[in-house]
There are 2 protein chains.
Amino acid sequence: MTIAPVLSKPREMKKTAQILRGAMEEFLARGYAAASMDRVAAAAGVSKATVYSHFADKEALFTTLVETMARERFQSVRAMLDETMEPRLAIRQLLTIAMEDCCNNEEFHNFKRVLVGESGRFPELAKTFVEHLSKPGVEAIAEYFRSNPAFNFPDPEAMARIMIGSVVNFAMLQKMMHGDAIMPMEQARIIDTLEYLLFDCAPKSP
Amino acid sequence: MTIAPVLSKPREMKKTAQILRGAMEEFLARGYAAASMDRVAAAAGVSKATVYSHFADKEALFTTLVETMARERFQSVRAMLDETMEPRLAIRQLLTIAMEDCCNNEEFHNFKRVLVGESGRFPELAKTFVEHLSKPGVEAIAEYFRSNPAFNFPDPEAMARIMIGSVVNFAMLQKMMHGDAIMPMEQARIIDTLEYLLFDCAPKSP
DNA sequence: GTCTATATCGTGATAGAC
DNA sequence: GTCTATCACGATATAGAC
């Protein structure tokens, strides 16, 4: 019987959270297929039967884990852009934070590795990620471009995707795919060049 | 004993290629861990013992497969940019081809899924991919920017990465991660906006 | 070199005591 | 609700006939 994380006693919440923490260790380290329910139980400090009393099967545990992690990540996309700040500074701050966030978080790297690796067999999980992270991020920036008179781009959403895509792909190439060892480049050069494109090239009304 | 694909008789070459073809089917469909050597053998039309007489173990087969596929892909990065063409058209053609290449090739999607998914446990394979595909691609475009007087970017390599990164990330988001179902966008809008940034915003010398 | 048959082990999942 | 003990199965890898 599947037991959704219904909270009756705080005790039970703790167990479910414990299991999810163990599952995170195991799934992020080995990927879905190579992860072992024995090791999940060991990492969580419970028996395997307990794991199966909280989650129907391996797939359900994995699904819940990814959705939980996506929800937590989602919290941190709030209020990225400071409307009161000067646009050039606001954009620079946004890009710097996004770059830092994408580049220097090994746990997040492993999360994306699993998500991308399983996106063919677990399309709904990939969609959850896109829905809760990529989409709000792009829309926030696009809306900022649209509402701020300092910008006058023909296609604000495409522009937002180019900005985010540059940063995300840089992080994937350099950090996740180990490009740093083969084609090193400082993060600041991407940010500086994006700023150059947005502000120093932008068509000043002649 | 490991048997490298030494070609003595054409017969043996055929078998090795057959096995690699079967391995491709299985590994790309299920990922490394979930792939079964039984199914590899079945897909290749040989017995499992034959597979093990050509490749030391599962890991060696996987490694050889990825290196082979990367080498084949590598061939197609030749001569992307037409030096004789007008820059605006050359860039547009490049972006269109790259976008098509990244978006409409399910086999390539699965290849990248496996590579990204295993990039933590097989870092050398990820590096091979970067070395043979990402690096030459970025360098070709950067060199084009540097050598062509129509462009005068402060950081041509960062600019090249932004262009490629935008396209690659768009493909990953829309196709691999199924973003098309959640935040649809035509490929042309990315290309048009990149063209706008490169040509219509570029600092005219006043 | 290639096959059939098998050894050995770890896996996901469960039964039953408490 | 949680544990220990166990089942049934499929995995990688190999032995040995031909």
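Below, read A as the first sequence line, B as the second, and so on, with proteins coming before strands; counting in each chain starts at 1.
Between B/I19 atom CD1 and C/dG1 atom P the separation is 12 Å, expressed in whole Å. Put simply, NZ on A/K48 is 10 Å from C1' on D/dT6, counting in whole angstrom units. A/E59 places its CD atom 16 Å from the C1' atom of C/dT11, with the value rounded to the nearest Å. Atom-to-atom, CD of B/Q18 to P of C/dG1 comes out at 15 Å; the value is rounded to the nearest Å. Residue A/M37 contributes atom CE, which lies 21 Å from atom P of D/dC7 at whole-angstrom precision. Taking atom CD of residue A/E26 and atom P of nucleotide C/dG10, one finds them 14 Å apart after rounding to whole Å. Following rounding to the nearest Å, A/K14 (NZ) and D/dT2 (C1') show an atom-to-atom distance of 18 Å. Whole-Å rounding puts the A/F62 CZ to C/dG12 C1' distance at 16 Å.
Using cut-offs of 30° and 60° on the angle between ring planes, the pair A/F153 and A/F145 is perpendicular. Between A/F122 and A/F62, the ring-plane angle classifies as perpendicular under the 30° and 60° cut-offs.
Considering only side-chain N and O atoms, B/Y52 lies nowhere under 4.0 angstrom from the phosphate OP1 or OP2 of D/dT14. Phosphate proximity of C/dT11 to A/R39: present, with a side-chain N or O under 4.0 Å from OP1 or OP2. Distances shorter than 4.0 Å separate none of the side-chain N or O atoms of B/K15 from OP1 or OP2 on C/dG1. Of the side-chain N and O atoms in A/T50, none sit less than 4.0 angstrom from OP1 or OP2 of D/dG1. OP1 or OP2 of C/dC3 lies within a sub-4.0 Å distance of a side-chain N or O belonging to B/S47.
Within the nucleic acid shown, B/A33 has no heavy atom closer than 4.0 Å to any nucleic acid atom. Within 4.0 Å of B/A35, counting heavy atoms only, lie sugar-phosphate atoms of the nucleic acid but no base atom.
Side-chain proximity of A/A49 to C/dA13, C/dC3, D/dT4: nearest is D/dT4. The side chain of A/S36 lies closest to C/dG12 when the candidates are C/dG12, D/dT2, D/dT14. Nearest nucleotide to the B/D57 side chain, out of C/dA13, D/dA13, D/dC3: D/dA13. Here C/dT11 is the nucleotide among D/dT12, D/dT2, C/dT11 with the atom lying nearest to any side-chain atom of A/D38.
Geometrically, B/R146 does not engage B/F151 in a cation-pi contact defined by less than 6.0 Å to the ring centre and at most 45° from the axis.
Between the side chain of A/R113 and the main chain of B/E118, no donor-acceptor pair closer than 3.5 Å is present.
With a 4.5 Å cut-off on side-chain heavy atoms, A/E100 and A/N105 do not count as touching.
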